[in-house]
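Take a look at the structure below.
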Amino acid sequence: MWFWFVAVAAVIVYWLWKQGEKSKKATEQSGRVEGRSGDEITVSFRISSDFDEKRHRGSDADWLRAAQVRAISGREIACGLIYVSDSQSDERSRWRDPSLINTRLRVATVAELPRKGEIGYWPSYAALSPSNRACYLDWLASGRTDESIDTGLLFVFFYGLERRALDELLPVTVWSAELDEIRAETGRLLALHQESGSFQGYAGSFLEFLNCYEASLASGHPELPAGPFFRGRLPLGLQMGLGQFVRAKEPIPVDWAFVWAQCDPSISLRTPARRCKEEFAKVFAAVYHDLFGSGLKIPENKTLLTIKYHPASSARSYMMTDISLDLPDVSVLKKPIDKLRNVVELATDKLDEYSRALGKKSAKDLGDYSLALLPPELLTEGEMPKRVKSLSGFLAQMLRESDRQLIPYGKIIEAYSAPSDGVLSRKHSQCISLLLAKLGFGVEPDIRRDGHAPAMDETVCVYRAVDGDLDPKSTAAPNANEVLLQMGLLLSGADGESPEERALLDRQMKLLPPRNRARMEARLCLLRSEPKSFSSVRRRAKDLDGTQKQAVASFLLLVAAADGKVTKAEIAALSKLYKSLGLDPDSIHAELHSLIASGQQVVAREGDPVRVRNERKTSDEFGIPEDMVDADGTVTLDSELVQKLQADTEAVGVILGEVFADDSPAEATDDDEKADDADDGRPNLNQAHEELLLELLRLEELPRDRWNTMCEARGLLPEAAVEAINEAILETFDDRLILETDPIIIETDVGKLCRRVYE
Amino acid sequence: MSEIIRSRVRDTILQALSAGVVPRAGIQHIQVGRYREIKELLRDIDRISDGGAGIRFVIGDYGSGKTFFLNLVREMALQRKLVTVQADLSPGLRLHSSSGQSRALYSELVRGMSTRSRPDGGALASVVERFVTTAILQAESNKCSPDEVITSRMESLTELVGGFDFAAVIKAYWEACDDDDSERKQNAIRWLRGEFSTKTEARQILGVRTIVDDSTVYDHLKLLALFCRLAGYAGLLVCIDELVSIYMLQNSIARKGNFEVLLRVVNDSIQGNTSGIGFVLAGTPEFLQDHRRGINSHEALSSRLAGNAFATGGLVDFTGPVIRLQNLTQEDLFILLGKVRDVFCGGEEATLEFPDEAITAFMRHCMERIGEAYFRTPRTSIRSFVQLLSVLDQNPNARWQELVSQTEVEADTPMALTEIVDDESEGKTEDDDLAAFRL
């Protein structure tokens, strides 16, 4: 019994299963479009659909092409694209085809728009009230141009387009004219009914699906789908095109990348990108080119692209239409998205300042000056706004013959744009300075660095910047070489700059990196025309370290002494600068003297610019000149210098040897006797002096009185006698005999020599 | 192998060095470098000997060797048979004043008068007697009275300011010699030394109407120079140190007065108004360069001392009146210490074992103790060095390696210069801007 019961149940289940299989006939189509040449892109596709054909095939509905005319309920419908049936079986086929117009159904004479909620979420012609049907048919008869048509009625019409395209025309291997009609009508309605979000969503997707389908049939390079684009959803055409580029190993063009970045759900666009859309697109392109050249190259991935479409029709709402393309699906890749996100971030950052300026209330005040905040990418020759272009032209004209030019600040403002309220604020000056920098020029003084806003009638120096703008933040910190040069110029200007001083400054200038040099030359040019007060450098000098200050001071001394004279004005200027450096002005004289006295050595050191090391580790870092004294306090002698000094000392020895020589020629005086004593080696003395000498030699030491007596006895003057004897002995023995005169004391050694010659 | 140095000279040098002062004799044995400066000064001396004139400002910082250089020049001048006078300026000794400081300077200079045979000063009487002796000899040969010879020879002096009285005093000296009147001789010497303070006294004692006073110091120096040449010397070299005293004068008029005297000297030297006289003046850089109180504050003088405008960029010109001395370097000191060692050994074969490495070790030791000052202001380093050599010499068993590290060295710091407040009432000063006033 139980056996038979189980067997019957199994048979029933099998029968039911077989029935289900039969009713569900899956539609599968595949195709291949092959390119004619190697550079064309080949796409294979397979379309699958879950559509239940049976539910529709039973209908006797007629499809009217776009040009077909049909009269329905007294209305002539001339533009077709609808299903019409007069079959009784289709009369109440609400779930079979919601768009089908069954002529058997009653239509009111007075058309009436549906009330709110009257139609419901799943509208269908059959379910409409007669007055609504009249309204719908009137709309169709009027060429479907009325923008105020109810969205529900619009969808009733749209369901027909879906059915015709998806159920009856597709799949195709060659795009047909009828599909074109349907696509064109969809596009027209989309443009007409932009207010309806749901229609835009469904119809937009439908249109995109058709486009994509057509693209999959076509060969050649993909075309960028037309907008509008919505963030969070990648257009199918875009995905397909990207896949085609990847397959062909071609870089992604910038416009494709931009659309991708805009639509990708994982990339969020910050305010600058949304506020300044045009500028953002340009900056994005510039950054994209900078980073990836002709475009981002993506290696092919294995995941294939599947394009899906959810029909809007109630009869097909749960049925998915897929197109599986033989193309890589790049939307699943993370790396390209990360790269695009990076580009977006960079581009957004560049626009940040400009966007903020536009967003602030003060944007009105800045006016044209906010253009200065644009990134340099938007200030290139081809991109720059008109006003900026005129300013750039003016400056180029000014600097036609030289790299820097002194002009009143007001001229620059005139060449650009006068502030809206006529008052030039600090913000305006900052913008002008920034704008000049971005255009490849510079201005001194630069408010961004010095904090000084030039007045309209103030003379400034514009110059051609080298290697781009200097980051004002980095140059705001004191640069020892700049302080050195400015101080040097102030000093040299104290008594009028001499050619030697100028040459010294120019030589020092070479130490600066090119772009700093351009700025410094402009600054010096300005300072030369209008000397500034010392307070301008005092602030910058404060932050130098001790070694730097000393090096700057050394340079200043060189400048002061460069022209061979140190004037009162220079000393006064030096004193002020020393005070600015925190050094003792009293040491100036000694140091200056040391410099001048060192003569040749200083000149040798002068040949090299004074080098100071910047505190910050930057490219313009210089070493301190080596000193003779090592840092650890040990003594290192310069052997070359020692040899030179020794040679010098020997030369001095030769000179002094001649002066102090034993055999120095005795200059004959009038009263000298001309007796030649060379033979006996005796001193050249007359008889009286000789007697006196001999007596002295006998006594060795004697009181002064006795000496006087001895001299008187010989008719000699005592002092003159000492002088005469010493002179003669000096000539002979190169030393004095009488050392002391009161009492008379003689040199023992010389005394012995004398005795020897007289013995 | 260095030359042999007499023990007396050696002792003089070493005693002076160990006392921290510049030796008065034998200075040539320890001279290091400065070839061009010495050559230039020697040329000056020769010019003076030939009847020319010259002036040099030796400018150097503390410890740069100004006094050393001055003494060397003085010794060279003595060797060339010049008479030298020397003194240091101080608050009481000035080139210009109205309270006797200039006369005091003159007295100090003449007291320090030296000749080759009397290099230690006090040679005035020798010079005068030499003149008189030569006059006597000339009179004997000409068979006339010495009086006549002296009168005729002194005629050239009488053309100069105060020359007549100067000649009268010299004649008085001769007469005193002739009469054996030692008191009168002393008075004549006193007059020549500028020690008479009143004209009355001079007239009563010597019968002359003038004396050496503050306003005639320079004129009497010129007279002395001429007289020295008449006495048979080559000329007179005036060495004045510590010119910074002028810079330290608080009173601007007093400073100006001193600069005016210097200007006269410079002008005379440049223009050739004087003969047989030379000046060597030593001062610090402030004295020369300071535009408020130094020479540069005096336009006329400053312009005459300005360097050669073409002597730049490696070219040097030593013919200008200013000679600048640089402080010593380590290398200078190394050679100097080597020379001191040689002097210590008396120029003979080294009996003392003190090689160059020992000198370097000594320098390193000094460097560690007092830093760079040991060679920039080497006075104390050299003193310690000489003391070290003495210890080594007297203790043959001692080793330099052990002693060097034990040597005491003190930093040589210059005395703080104090402003010289002038108590003279020379009128209102320019610097008294902040003087109190009352309405």
Side-chain angles (χ1 to χ4, degrees), chain A residues 500 562-566 568 571-572 586 588-590 592-594 596-600 603-604 606 628-629 633-635 637-638 641-642 645-646 648-649 651-653 655-657 659-660 664 667 669-671 712 716-727 730 735-736 738 741 747 749, chain B residues 6 8 28 31-35 38-39 42 59-61 76 79-81 115-118 125-126 128-130 132-134 137-138 177 180 232 284-286 288-291 296 306-314 316 324-327 329-332 334-335 360 363-364 367-368 371-372:
Chain A
E500 293 86 2
D563 54 359
K565 59 185 176 194
V566 184
K568 189 174 182 176
I571 292 282
D586 290 343
I588 289 173
H589 293 300
L592 206 51
H593 161 77
S594 175
I596 298 169
S598 57
Q600 292 287 357
V603 172
E606 215 180 301
M628 292 184 301
V629 181
T634 58
V635 175
L637 294 176
D638 182 345
L641 195 54
V642 169
L645 272 169
Q646 262 167 346
D648 204 21
T649 306
V652 167
I655 298 178
L656 294 179
V659 175
F660 295 91
S664 63
E667 290 179 22
T669 51
D670 296 341
D671 54 346
E712 279 171 26
L716 299 172
L717 296 175
E719 288 291 336
V722 172
E723 186 80 5
I725 290 172
N726 266 353
E727 276 286 321
L730 267 168
D735 204 352
R736 290 179 294 152
I738 303 169
T741 54
E747 160 72 42
D749 293 342
Chain B
R6 291 187 195 284
R8 182 173 55 80
Q28 73 275 15
Q31 173 62 37
V32 174
R34 292 188 173 151
Y35 172 77
I38 288 169
K39 204 171 175 186
L42 204 53
I59 302 298
D61 214 353
M76 291 195 304
Q79 291 297 319
R80 292 286 199 220
K81 297 194 176 168
T115 60
R116 191 183 175 204
S117 53
R118 295 288 294 273
S126 302
V128 175
E129 288 193 3
R130 179 165 170 165
V132 173
T133 307
T134 52
L137 288 172
Q138 196 179 344
C177 289
D180 196 17
T284 56
E286 291 86 0
L288 176 70
Q289 292 164 190
D290 193 281
H291 286 89
N296 279 348
N308 188 341
F310 297 100
T312 57
V316 284
R324 291 178 180 271
L325 300 183
Q326 202 184 10
N327 279 52
T329 61
Q330 288 193 118
E331 288 76 9
D332 287 324
F334 175 72
I335 296 172
T360 317
M363 288 169 70
R364 194 176 300 119
M367 182 73 188
E368 287 164 5
E372 290 187 6

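- Both the backbone and the side chain of B:D332 come within contact range of chain A, judged by heavy atoms closer than 4.5 Å.
- Taking CG of A:L716 as the reference point, atom SG of B:C177 lies at 11.5 Å (rounded to 0.5 Å).
- Counting heavy-atom pairs closer than 4.5 Å to chain A, the top residue among B:L42, B:N327, B:V32, B:D290 is B:D290.
- Closest heavy-atom contact between A:E727 and B:R130: CG-NH1, 3.9 Å.
- Not a single donor-acceptor pair under 3.5 Å links the side chain of A:E719 to the backbone N or O of B:E129.
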Exercise. Tell me, with the steps shown, if A:H593 and B:D61 meet side-chain hydrogen bond (donor to acceptor under 3.5 Å, both in side chains).
Key: CA-CA 8 Å; A:H593 161 77; B:D61 214 353; over 6 Å; no
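- In terms of heavy-atom proximity, A:A720 sits nearest to B:T133 at CB-OG1, 3.0 Å.
- B:E286 contributes no side-chain N or O that, together with a main-chain N or O of A:H589, makes up a donor-acceptor pair within less than 3.5 Å.
- Interface check for chain B: of the options A:P718, A:G653, A:A724, A:A572, the most heavy-atom pairs under 4.5 Å are formed by A:P718.
- Between B:S117 and A:L730, some side-chain heavy-atom pair lies under the 4.5 Å cut-off.
- Ranked by heavy-atom pairs under 4.5 Å with chain A, the first of B:T115, B:V132, B:L288, B:V128 is B:T115.
- Between chain B and the options A:E747, A:R736, A:E712, the largest number of non-hydrogen pairs under 4.5 Å is found for A:R736.
- Residue with the most contacts toward chain B among A:I571, A:D586, A:I588: A:I571 (heavy-atom pairs, distance under 4.5 Å).
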